[in-house]
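Below is one structure, written out as structure tokens; comments come after it.
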Amino acid sequence: MAYWLMKSEPDVYGWHKLVAERRGKWDGVRNWTAARNLKSMKIGDKAFFYHSNIGKEIVGVMEIVREAYPDSSDDTGKWVMVDVKPVRPVKTPVTLAAIRADKKLKDMALVRYARLSVQPVTPAEWTHICHLAGIAA
DNA sequence: GCCAACGTTGGC
DNA sequence: GCCAACGTTGGC
């Protein structure tokens, strides 16, 4: 099983909206590196939901429930989307500042490639962040 | 609102 | 195929 981190601006599509919907479509990705990550996802993979711009923190854990298929918001047919469902909210949000300040996390894509909206997370990073978030890994 | 980082586009 | 110009993202 692989781990990921996916970003969304909460005023556009936030954690609470995903929880309300019970299942969400992760569309609108228009970056080749992010799209490659979407295509690598398997059903059952876990992903952190990160609020960019407002909050700048990890707020929940999602699971991939449908693997990459054509993005319905894309007319060109080049891009893909996946479906996700919320698994659990974090107990304590893990902020970008906390991630930057943590030696174990400073190599995360979130820090090194700030603009990448869909990025891999290593098992060690996943476990550590779950610990900081006060939830089981 | 500004600006740094960086991806993309288009002229050559 | 290079690289300057431009656009976008996202932190501050």
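In the text below, chain A, chain B and the rest are named by the order of the sequence lines, each starting its count at 1. These figures come from a predicted structure and were not determined experimentally.
When atom types are taken as modelled, the side chain of A:T92 and the backbone of A:G134 share no donor-acceptor pair closer than 3.5 angstrom. Using a distance-only test at 3.5 Å, with no hydrogens or angles considered, a donor-acceptor pair links the side chain of A:D74 to the main chain of A:W79.
Between A:R30 atom CZ and B:dC6 atom C1' there is a gap of 19 Å when expressed in whole angstrom units. Atom-to-atom, CH2 of A:W32 to P of C:dT9 comes out at 16 Å; the value is rounded to the nearest Å. For the pair A:K78 NZ and B:dT9 C1', the interatomic distance rounds to 12 Å; values are reported in whole Å. Regarding A:I99, its CD1 atom lies at a distance of 14 Å from the P atom of C:dG10, rounded to whole Å. Put simply, CD on A:Q119 is 15 Å from C1' on B:dA5, counting in whole angstrom units. The CG-C1' distance, from A:L96 to C:dT9, rounds to 14 Å in whole Å. One atom, NZ of A:K7, and another, P of B:dA5, lie 15 Å apart when rounded to the nearest Å.
In this model, no donor atom of one side chain and acceptor atom of the other lie less than 3.5 Å apart for A:Y50 and A:Q119.
A side-chain contact (heavy atoms from CB on, under 4.5 Å) with A:M108 is found for one member of A:D102, A:I129, A:L96 and no other, namely A:I129.
Heavy-atom distances under 4.0 Å link DNA chain C to no residue of residues 104-113 of chain A. Within residues 51-62 of chain A, the residues having any heavy atom under 4.0 Å from DNA chain C are, by residue number, A:S52, A:N53, A:K56.
Remark: A:M62 CE to A:D45 CG distance equals 11.5 Å, nearest 0.5 Å.
Taking the side chain of A:N31 as heavy atoms from C-beta on, and the options C:dC12, B:dG7, C:dG10, the nearest nucleotide is B:dG7. The side chain of A:R115 lies closest to C:dG10 when the candidates are C:dG11, B:dT8, C:dG10.
The local environment of OH in A:Y69 is crowded, with over 12 non-hydrogen atoms from other residues, nucleotides or ligands closer than 6.0 Å.
At least one side-chain heavy atom of A:W4 sits less than 4.5 Å from a side-chain heavy atom of A:S40. Residues A:I64 and A:K42 fail the side-chain proximity criterion, which asks for heavy atoms closer than 4.5 Å.
Taking A:E63 as the reference, A:K46, A:K85, A:V87 meet the side-chain contact (heavy atoms from CB on, under 4.5 Å) condition, with sequence neighbours excluded.
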